[in-house]
Amino acid sequence: MSRKSENGSLWIEKEKNPLVLCFTLFPHFLSSQNAIKMKTKLKNEGSVGLYTYPVLQAADILLYNCGSDCVQLVLTSPCPFETVSLRSTHVPVGEDQVQHLELAQDLARIFNNSYGELFPEPRALLSSTRKVKSLRNPSAKMSKSDPQTVATITMTDSPDDIALKIRRAVTDFTSEVTFDPETRPGVSNLVMIHAAMAKISVEEALLQARGMDTGAYKGLVSEAVIQRLTPIREEIQRLRADRVHLEGLLAQGKHRARELAAPVLAEARHRVGFC
């Protein structure tokens, strides 16, 4: 977070409320989560964290999704447990997180049906670039846990690293640059990355690529990615060098998070009968 930013809060989440675990229907949850099925299939087993992480993520969404308006109403109401009003409903996520968000919707619905309306059912807020694919396997998403380091571009990659990774990106034997995710997933992934980084449409990206073969186009994509990520990488490096500033941001964010969450959590615990 920049020194100049006052529009968000940053904190390290250490304390989790187990209340939401009581409302998760395990068989339905287990059968519906694609990420869990995929990882357990690969390893033939799964840790407890694999199963509880999406539930606790849903708890965070519900707890902090009430917004400052909700908190203000709770704090100023003469009878706060009866007049909570919830307004925030949308959460920015990638396409791969939509299913986790659906779990949060289910939990909100279960709680509201059992104890009265409290949590809004969060909705996904998707950008035009819903999922970035791996540079080495365009049928899979780009992931920081990919064992092939050249498959993923990170915010802290140097310009040389970015150029190398895009140069090694999987395409096909057709030199023309076109956009067809079904038949040409590798090239289409590069077009999507170019469009997202340059803040242009896919059609505009294709216009810029006209007359280029895929090799030359990779250079254009590299330039767009480097230009977009270089200021971010430099800001990350600057912030990492200022530990006192970062610790101050975390302290402020922790205080703000507790201000937002405390009245909502107290209300939920009150309705369930925990206090």
Side-chain angles (χ1 to χ4, degrees), residues 8-67 70 86-115 117-127 129-134 137 139-147 151-152 154-155 250 253-254 256-258 260-262 264-269 271-272 274:
S9 297
L10 179 69
W11 70 93
I12 297 174
E13 184 69 86
K14 291 184 178 181
E15 300 174 3
K16 294 286 187 178
N17 177 47
L19 181 65
V20 73
L21 292 171
C22 302
F23 302 98
T24 304
L25 304 179
F26 188 76
H28 167 71
F29 168 62
L30 177 62
S31 64
S32 65
Q33 293 291 306
N34 292 332
I36 289 178
K37 290 190 291 185
M38 180 181 69
K39 290 182 180 180
T40 53
K41 183 178 180 180
L42 290 174
K43 297 183 178 180
N44 294 320
E45 62 181 7
S47 67
V48 173
L50 181 63
Y51 296 99
T52 58
Y53 170 75
V55 186
L56 296 175
Q57 182 186 53
D60 278 342
I61 291 171
L62 296 178
L63 192 60
Y64 298 110
N65 200 40
C66 293
C70 163
L86 304 175
R87 302 182 182 182
S88 301
T89 57
H90 289 74
V91 181
V93 293
E95 190 177 63
D96 58 311
Q97 293 291 311
V98 168
Q99 196 173 43
H100 286 180
L101 196 60
E102 290 172 348
L103 174 63
Q105 294 170 357
D106 288 343
L107 291 172
R109 196 175 301 117
I110 291 171
F111 186 98
N112 293 340
N113 289 339
S114 300
Y115 300 101
E117 194 74 18
L118 177 63
F119 297 110
E121 293 184 24
R123 305 296 176 186
L125 187 63
L126 297 167
S127 68
T129 308
R130 298 186 174 188
K131 182 186 292 185
V132 181
K133 302 298 182 67
S134 165
N137 178 15
S139 64
K141 71 172 184 176
M142 185 179 287
S143 171
K144 62 181 181 295
S145 59
D146 195 317
T152 302
T154 70
M155 294 289 187
L250 290 174
K254 181 179 180 180
R256 177 59 176 157
R258 286 183 172 176
L260 290 171
V264 182
L265 180 57
E267 168 69 358
R269 290 172 61 87
R271 292 193 186 191
V272 173
F274 281 9

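Values in this document were obtained by computation on a predicted structure and should not be read as measured data.
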side-chain hydrogen bond (donor to acceptor under 3.5 Å, both in side chains) involving K141 - partner list, sequence neighbours excluded: D96
Which residues share a side-chain hydrogen bond (donor to acceptor under 3.5 Å, both in side chains) with Q97, sequence neighbours left out: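 Expected list: Q57, H100.
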D146: side chain to side chain contact (heavy atoms under 4.5 Å, CB included) partners, not counting sequence neighbours: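 Side chain to side chain contact (heavy atoms under 4.5 Å, CB included) check on D146 returns S134, Q148, A151, T152.
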Taking all heavy atoms of [X] and all of [Y], pick out the closest pair and write down the distance.
{"X": "V55", "Y": "L107", "result": "CG1-CD1, 4.4 Å"}
{"X": "V264", "Y": "L260", "result": "CG2-O, 3.6 Å"}
{"X": "V91", "Y": "P122", "result": "CG2-CB, 3.9 Å"}
{"X": "F111", "Y": "V272", "result": "CE1-CG2, 3.6 Å"}
{"X": "E121", "Y": "A108", "result": "CG-CB, 4.2 Å"}
{"X": "V93", "Y": "A124", "result": "CG2-CB, 3.9 Å"}

I61 CD1 to L56 CG distance, which is reported to the nearest 0.5 Å: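 So the gap between those two atoms works out to 11.5 Å.
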Spacing of NE2 belonging to H90 relative to CG belonging to L101, to within rounding of 0.5 Å: 9.5 Å
Salt bridge (Lys or Arg N to Asp or Glu O under 4.0 Å) involving E102 - partner list, sequence neighbours excluded: none
Any donor-acceptor N/O pair, E117 side chain to N112 backbone, under 3.5 Å: no
Verdict with reasoning, K131 to M142, per side chain to side chain contact (heavy atoms under 4.5 Å, CB included): CA-CA 8 Å; K131 182 186 292 185; M142 185 179 287; over 6 Å; no
